[in-house]
Structure formats: structure tokens, C-alpha cells
Amino acid sequence: MSESFVLEDARESASPARDEDRRVFIKSFGCQMNVYDAERMADIAAEEGYREAHAVEDADLIVLNTCHIRERASEKIYSELGKLRELKDERRRRGRGTTLVVAGCVAQAEGAEILRREPAVDVVVGPQSYHRLPELVREARLRPGVVAADFPAEDKFAHLPISTRGAIRRRGVAAFVTVQEGCDKFCSFCVVPYTRGAEASRPVRAVIDEIDRLASAGVREVTLLGQNVNAYHGLSEDGRAVGLAGLIRAAAAVPGIVRVRYATSHPGDMSEDLIAAHRDVAALAPFLHLPVQSGSDRLLKAMNRRHRVADYLDIVARVRAARPDIALSSDFIVGYPGETDAEFEATLALVRAVAFASAYAFKYSARPGTPAAEALGQIDAATKAQRLARLQVLIESQLQAFNRATVGRRFEVLFEKPGRREGQVIGRSPYMQAVFADGPRSLIGVMAEVEIIGLEPHSLRGRVVSPAS
Ligand code: 5AD
Ligand code: SF4
């Protein structure tokens with residue numbers, strides 16, 4: 001029996017669940033890094049004897065892993081917490097205690113403010129401290145309302161278990177691995193340098209050991225994650241600094257790993273070596289998510305992006321020369337303070353010039369504490385909405401054109417799960433598209449050559465030509 005996790009809330013004398021019944025429910029918002037963190041928190045809970053709750057109503061421990069990148073993201077959390085307070089009350093009436101944890105970047109940014117706004121919360125834990133979850137939950141039992149939102153000196157990763165207890169959240173075929181956290185770029189609109197802290201890279205050995213363990217558990221594809229992943233500079237065992245390209249090569253060499261991806265990159269860190277890896281490493285997917293944010297040099301400067309439009313186009317040209325079949329994706333912000341109609345048109349022109357396979361567009365949202373939040377010339381909501389809609393129409397048309405162009409092509413699909421219909425399997429193309437095909441379940445975990453034979457609204461139809469590995 002493990003004594004680390006507490007199930008009952010100290011303020012409520014509801015009885016705890018029996019050990020074997022303990023359930024955890026983790027809901028994650030926001031980026032892929034949060035998905036990874038949620039998996040690691042699930043590992044911690046598994047080590048403490050928790051099983052996964054399929055519905056939040058059944059959970060003795062509820063974790064909301066939050067995102068602070070845009071306004072709506074954090075507002076959503078408070079409305080979610082209101083519902084969870086009611087759920088907690090309802091469970092208490094049935095004699096069950098519930099521990100409510102707020103993790104992630106809202107926890108980091110707002111700390112104790114969360115407890116003031118929602119007293120039903122038991123623990124607030126930032127992204128650098130969640131390895132302490134068992135101890136924090138224990139503390140909350142004695143003194144509810146525990147906050148851990150500092151940047152501890154110890155390495156979180158050194159304290160994280162990879163669950164051996166039948167993986168309560170099975171990683172499946174494709175998994176994330178955080179290799180780098182934090183950011184030193186300080187783009188003027190962005191909270192990440194404040195919520196995730198200074199840029200730090202995990203040592204090569206630690207990353208490769210984790211990938212090794214994932215591969216032994218059946219994982220075939222890894223996405224190396226970092227807020228600014230191509231700034232990666234982890235130490236090798238002999239004390240050398242290794243860049244992302246070196247790490248990709250090492251990850252691709254792990255037995256069982258057939259595909260490697262990485263996200264998210266900054267144009268300023270797109271090194272020659274990394275571009276060469278796109279040419280040389282067969283397992284590296286020909287897909288690059290490279291946020292540019294704007295097509296206006298004046299705005300890029302105001303955003304403190306440290307690159308111009310021409311630099312971006314130059315990188316795109318070099319990456320395409322290294323790997324002609326590469327597909328590109330990006331992030332855009334519309335309505336940044338002071339953005340004129342002409343500057344917005346410049347963003348549309350950049351999108352037309354590059355032709356993306358996919359892209360994400362966001363309305364600028366003022367984040368407290370960031371320089372842009374104080375800038376003059378905040379754009380009104382209607383203009384932002386209009387610009388967003390125009391940009392999204394363009395992005396959608398490029399996405400559809402990209403998908404149409406894949407019909408008749410053959411490429412490698414890594415099958416991940418059974419399809420909705422019997423005798424069908426679903427996987428992903430190198431370009432992240434969902435592809436379904438007729439085939440046996442034994443194809444799951446296999447990278448197969450597939451010919452694309454049709455288009456559905458959100459996926460591609462394929463025909464398996466031959467299993468490639
Ligand atoms: N407002 C709108 N979008 C933002 N992003 C980051 N901060 C903001 C903000 N304050 C977007 C950027 C980034 C993506 C993850 O979120 O485009 O690349
Ligand atoms: Fe935020 Fe990315 Fe800029 Fe870092 S590089 S400050 S994470 S937008």
C-alpha cells in the first residue's frame with residue numbers, strides 16, 4: 001500500500017476510497033508539452049496506486065493541467081473549476097472525498113490567486129514542480145490550499161517515474177518526450193518565458209533512456225518537445241553540448257523507433273546542422289512546424305522576434321532544398337498592437353508565398369506582465385475577428401490543396417489504432433494527416449507504404465501497398 005496520496009479532503013470528513021479503488025482523472029489543456037506533462041503526472045499517480053478514471057465523476061484525484069497562452073484558455077479553467085466544485089460537493093454528499101489540483105501554466109502565473117477565486121482547489125502546482133505532487137497532496141490534507149509555483153533548483157525529470165504499473169495512460173504508438181523547457185527569447189506577446197522559466201535542456205542520455213523505455217513499451221514514433229526545441233543544447237556523457245540535430249540522430253538510432261518529429265521551433269535557431277538532418281535522417285518526418293507570427297518586418301521587430309520575413313523565406317528555401325518533399329506549418333498572430341491593414345495584408349502575402357500544409361492563427365490576446373500588453377494601439381475586437389477569419393479562410397484553402405495533392409501519392413503511414421469500422425486501421429502520414437485503410441490489427445505499430453486513394457473531410461483514405469518495417 002502506498003501512503004503518499006491522500007484521497008479525502010481535510011476540510012471535509014468524507015471517507016477515502018479504498019486503496020484499490022483510487023482513481024485519477026487528468027484533463028489537459030493547451031500545447032503538446034502539457035500533454036506530455038499530463039502523461040508524467042499519470043505516471044506519478046500510477047506509482048501511487050491510482051487507476052485511471054474514465055469519467056471525472058469517479059475520480060478521487062482530479063488534475064486540471066492548464067494553459068495560459070491566450071485569454072480564453074485561462075477563463076475556461078475558471079468555468080471548469082466552478083463545475084468541479086459542484087462535483088466535489090455532490091461526491092461529498094455521497095461520502096466520497098475529492099482532491100482538486102490545478103497544474104500547468106495558469107497555476108504558475110496566478111499561484112495563490114486561484115485559491116482566492118476558487119476555494120475548492122486543494123493544490124496549485126506549476127510545471128516545474130509537479131514531480132512533488134504526492135508530497136503536495138499530503139500537505140493539503142493537513143493544510144488545504146497548497147501552492148508550489150516556484151522554479152525549484154532540483155531537476156524535475158530526475159524525480160519523475162515512468163510508470164511500470166501497467167501504464168495507466170498507455171502511450172500507444174506515438175509518444176511525446178520533453179527534451180527542452182522554457183524560453184529565453186521573450187517575444188513581446190508571450191507568457192512562456194515567465195510561466196516555464198529560463199531555457200533548459202535535458203542531458204542526451206536522459207532523453208535517450210526515456211525513448212528506449214518507450215520503445216520497449218511499443219512506441220514507434222517520438223516527438224521531441226520543447227517550447228523552443230531547436231535551441232536544444234543538452235550535454236552528452238563526455239560533457240559536449242549536443243544540438244537538436246545530434247539528438248534527432250541519436251533518437252532515430254534507438255531500436256524500435258521508426259519516426260522522429262520535433263516541435264516547436266524558432267526561426268532564429270534553425271541551424272545548418274538541423275536543416276542537414278532533414279536531408280540525412282530517413283526517420284525524421286518531412287514536416288516542419290516553424291512559427292513566423294507575422295508577415296510584416298515592422299511587427300516582427302515590435303514582437304521582438306529577432307528575424308525578418310526574408311530570413312524566414314530563406315530558411316524555407318533551404319529546408320525545401322534539403323528535403324524537397326517537406327511540408328511546412330506555422331503560427332500567426334493577428335491584431336498585434338499597432339497592426340495596420342497593410343501589415344495584415346503582408347501576413348496574407350507571406351502565407352501565399354510559402355503555401356503551408358497547415359497553420360494556426362490566433363487573435364492577439366494581451367497577457368498580463370508581457371511588454372505587448374502595455375503597448376499603444378491595441379486593436380479592437382471586431383478588426384481582430386475579421387482579420388482572423390480572412391487568414392483562416394486562406395489557411396484552410398491551402399490545407400485542402402495540400403491534402404488534394406497527396407491523392408495518388410505513396411508515403412509511409414505509421415498505423416496507430418483500429419478504425420471505427422471492423423477491418424480498418426488508422427495512422428498518420430509523415431505530414432500529420434490521419435489516414436485510414438483496410439487492414440488487419442497486426443498493422444498497428446507498423447510503418448507501411450500506403451497509396452492515398454481518396455479524401456475525406458478530415459482524413460485521407462489509403463491502400464496499404466506494403467509494410468515497410
Ligand atoms: N496572443 C495570441 N497568440 C499568442 N501566442 C502566444 N502568445 C500569444 C498571445 N499573447 C501564439 C503564438 C505561438 C502559439 C503557441 O500561440 O502564435 O506561436
Ligand atoms: Fe513564446 Fe515561442 Fe517567443 Fe519563446 S519563442 S517567447 S515560447 S513565442
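Both ligands and their constituent atoms are indexed starting at 1 by order of listing. Given the structure is predicted, the values throughout are model-derived calculations rather than measurements.
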- Item | Distance from atom 11 (C) of ligand 1 to nearest protein heavy atom, with residue and atom | R70 NH1, 3.4 Å
- Query: So, do F402 and F356 have ring centers that fall under 6.0 Å from each other?
  - Reply: no
- Within 45° of the six-membered ring axis of Y50 and under 6.0 Å from that ring's centre, is NZ or CZ of R23 located there? no
Acceptor/donor pairs from residues 281-293 side chains to any protein atom, 3.5 angstrom cut, sequence neighbours excluded:
from: H289; atom 1: ND1; to: S329; atom 2: OG; distance (Å): 2.7
from: H289; atom 1: NE2; to: D331; atom 2: OD1; distance (Å): 3.1

- The closest protein heavy-atom partner of atom 17 (O) of ligand 1 is Q293 OE1, 2.6 Å
- Query: So, S216 side chain and D212 main chain: donor-acceptor pair closer than 3.5 Å or not?
  - Reply: yes
- Atoms listed for atom 4 (Fe) of ligand 2 (protein only, N, O or S, under 2.8 Å, no waters) are C183 SG
- Taking both backbone and side-chain atoms of R367, is any N or O found less than 3.5 Å from an N or O belonging to ligand 1? no
- Task: Would you mind checking which non-hydrogen protein atom is closest to atom 18 (O) of ligand 1, with the distance to 0.1 Å?
- Result: D331 OD2, 2.6 Å
- Query: Which atoms of ligand 2 are found less than 4.0 Å from any heavy atom of F189?
  - Reply: 8 (S)
- Task: Consider every N or O of I333 and every N or O of ligand 1, then say whether any pair is closer than 3.5 Å.
- Result: no
- Task: Tell me which protein heavy atom sits closest to atom 9 (C) of ligand 1, plus the residue, atom name and distance to 0.1 Å.
- Result: S365 O, 3.6 Å
- Starting from atom 2 (C) of ligand 1, which protein heavy atom do you reach first, and at what distance in Å? K363 O, 3.3 Å
- Centres of the Y194 and F151 rings: under 6.0 Å? no
